[in-house]
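Following: one structure in structure tokens, then a few remarks.
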Amino acid sequence: MQFSRKDVLDMESLSEDEITTVLDTAERMKEISERPIKKVPTLRGKTVVLFFYEPSTRTRTSFEVAAKRLSADSLSISAGTSSMVKGETLIDTAKNLEAMNPDVIVIRHTSSGAPHMLAGRVKSSIINAGDGTHAHPSQALLDLMTVREKKGEIRGLRVAIIGDISHSRVARSDGIGFTKMGAHVVLAGPPTMIPTGIETLGVSVTRHVEEAIHDADVIMMLRMQKERQQRFLFSTEREYARVYGLTKKRMELARRDVLIMHPGPINRGVEIAPEVADGPYSIILDQVTNGVAIRMALLYLVAGGTRNADSD
Ligand code: CP
């Protein structure tokens, strides 16, 4: 097994072998979620803190479900209910949490780099659940798991990631993750939503959505992140949907067995037509299911479960 990390912070720092270990472990964890009794004692006695400084539906709940299925004790803290509203700094909050001796702190934060800063200052393992526009490694891992499960392997696939690339930590983490695992990643979106120099990640870039979709094995649509945009980057949502939205017509340019993905939350009728999001090629809810398995694997790997999931 190739994994002996204290923290999981981004996809850059994970090797191909480590990613494979996470995906293989998650496959075994998924089997636990399919049993009538979905619980094993693997992390009994371990404590997991879920510290979410930004809203979340999928990531937060799936980490919580993952911790419970492995019998860890979990507790949730949000910015609004913590003493950060009284002016306590992130590092002071984390130091005080650490004083209660948790094994893992899962953190989502509006500021890029916040999990990295904590990782160097606290003894608990830190798992990045999304930081600013920087990284969302558990999302990339669940996306890799879902594609590997459906296609058999990742190497050689053409993966189109389309939308608001500039503000998307998912685009960055998926771009790095899929490239590392041997796929060819093409990013597409309006020029105002594509950061300069993004090609250095090893991906291709086009402003024409049709070019990205052509012969794609996987199409991942991204939400326009208006809450992160400092200024309006496109004329209207209606115009955005017309030029960049994924419609049934555009899907015909892709391979016949194309997989349609979206990290969520979806803006129906903006970046993706409802009939595509709910259609037969969509694996959006499979991504959510696999999110629990990936987060079980990450908690297990960093919290050092002493027993293998197979033996429980
Ligand atoms: N994909 C994702 O991070 O969704 P949430 O914001 O709901 O966690």
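The analysis underlying the following values was restricted to heavy atoms, covering all of them including side chains, and did not include hydrogens, waters or symmetry mates.
Two residues are said to be in side-chain contact when any heavy atoms from C-beta on lie closer than 4.5 Å; Val288 and Ser62 fail this criterion. Proximity of Leu301 to Arg5: side-chain heavy atoms (C-beta onward) are nowhere separated by under 4.5 Å. Using a 4.5 Å heavy-atom cutoff, the side chains of Leu90 and Ile107 are in contact. Within the 4.5 Å cutoff, the side chain of Val22 has heavy atoms near those of the Leu298 side chain. Using a 4.5 Å heavy-atom threshold, the side chains of Leu14 and Leu141 count as touching.
With Asp164 contributing its side chain and Met224 its backbone, the two residues share no donor-acceptor pair below 3.5 Å. Side-chain N or O atoms of Ser282 include one that pairs as donor or acceptor with a backbone N or O of Ala277 at under 3.5 Å. Under a 3.5 Å cut-off, the side chain of Asn290 and the backbone N or O of Leu142 do not form any donor-acceptor pair. At distances below 3.5 Å, not a single donor-acceptor pair connects side-chain atoms of Lys38 with backbone N or O atoms of Arg69. Ser71 places a side-chain N or O within 3.5 Å of a backbone atom of Val40 that can act as its donor or acceptor partner. A donor-acceptor pair is defined here as one N or O able to donate and one able to accept, closer than 3.5 Å; such a pair exists between the side chain of Thr289 and the backbone of Leu285. For Ser166 (side chain) and Met193 (main-chain N/O), a donor-acceptor pair under 3.5 Å exists by modelled atom type. In terms of modelled atom types and a separation under 3.5 Å, the side chain of Ser82 and the main chain of Ala79 share a donor-acceptor contact. Formation of a donor-acceptor pair under 3.5 Å by the Lys6 side chain with backbone atoms of Ser124 is found in this model. Of the possible donor and acceptor atoms, one in the side chain of Arg169 sits under 3.5 Å from a partner among the backbone N and O of Gly132.
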(request) Begin from the C-alpha positions of Asp10 and Asn128 and carry the test side chain to side chain contact (heavy atoms under 4.5 Å, CB included) through to its verdict. (result) CA-CA 7 Å; Asp10 52 44; Asn128 181 1; 5.5 Å; no

(request) I would like to know whether Glu153 and Met181 meet side chain to side chain contact (heavy atoms under 4.5 Å, CB included); could you show each step before the answer? (result) CA-CA 9 Å; Glu153 68 173 324; Met181 299 308 281; over 6 Å; no

(message) Run the side chain to side chain contact (heavy atoms under 4.5 Å, CB included) test on Val147 and Phe178 for me, step by step, so that the C-alpha distance in whole Å, both residues' side-chain angles and the decisive distance to 0.1 Å come before the verdict.
(response) CA-CA 10 Å; Val147 170; Phe178 276 98; 3.8 Å; yes

(request) Begin from the C-alpha positions of Ile219 and Leu246 and carry the test side chain to side chain contact (heavy atoms under 4.5 Å, CB included) through to its verdict. (result) CA-CA 9 Å; Ile219 303 173; Leu246 186 60; 4.0 Å; yes

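In this structure, Ile294 and Ala26 approach most closely via the heavy-atom pair CD1-CB, 3.6 Å. Pairing each heavy atom of Val185 with each of Gly175, the nearest pair is CG2-O, 4.0 Å.
Under 3.5 Å, the side chains of Arg158 and His214 contain no donor-acceptor pair of N or O atoms. The closest side-chain donor-acceptor pair between Thr93 and Glu88 falls under 3.5 angstrom.
Applying the salt bridge (charged side-chain N to carboxylate O under 4.0 Å, His left out) criterion to Asp73, with sequence neighbours excluded, gives no partner residue. With sequence neighbours left out, Arg242 forms a salt bridge (charged side-chain N to carboxylate O under 4.0 Å, His left out) with Glu239. Not counting sequence neighbours, the partners of Arg268 by the salt bridge (charged side-chain N to carboxylate O under 4.0 Å, His left out) test are Asp278. Checked against side chain to side chain contact (heavy atoms under 4.5 Å, CB included), Glu210 has the following partners two or more places apart in sequence or in another chain: Arg250, Leu253.
Crowding of Arg238 atom CZ: a count of heavy atoms from other residues, nucleotides or ligands under 6.0 Å not exceeding 12. Counting heavy atoms of neighbouring residues, nucleotides and ligands inside a 6.0 Å radius, atom CZ of Arg58 exceeds 12 of them.
Of the residues His184, Arg255, Lys150, the one that meets the side chain to side chain donor-acceptor pair (under 3.5 Å) test with Asp217 is Arg255.
Applying the side chain to side chain donor-acceptor pair (under 3.5 Å) test to pairs two or more places apart or on separate chains, those with a residue in residues 171-181 are Glu12-Arg172.
For the pair Arg295 and Phe63, the cation sits on the ring face: its NZ or CZ lies under 6.0 Å from the ring centre, inside 45° of the axis.
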Got a list of side-chain donor-acceptor pairs under 3.5 Å for residues 95-102, not counting sequence neighbours?
unit_1 : atom_1 : unit_2 : atom_2 : d
Lys95  : NZ     : Arg121 : O      : 2.8
Asn96  : ND2    : Asp92  : O      : 2.7
Glu98  : OE2    : Lys123 : N      : 2.2

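Comment: Glu275 does not engage Lys248 in a salt bridge, judged by the lack of any side-chain N to carboxylate O separation of less than 4.0 angstrom. In this structure, Arg60 does not pair ionically with Glu64, as no charged nitrogen and carboxylate oxygen lie closer than 4.0 Å. A salt bridge links Asp257 with Lys151: the distance from a Lys NZ or Arg NE/NH1/NH2 to an Asp or Glu carboxylate oxygen falls below 4.0 Å.
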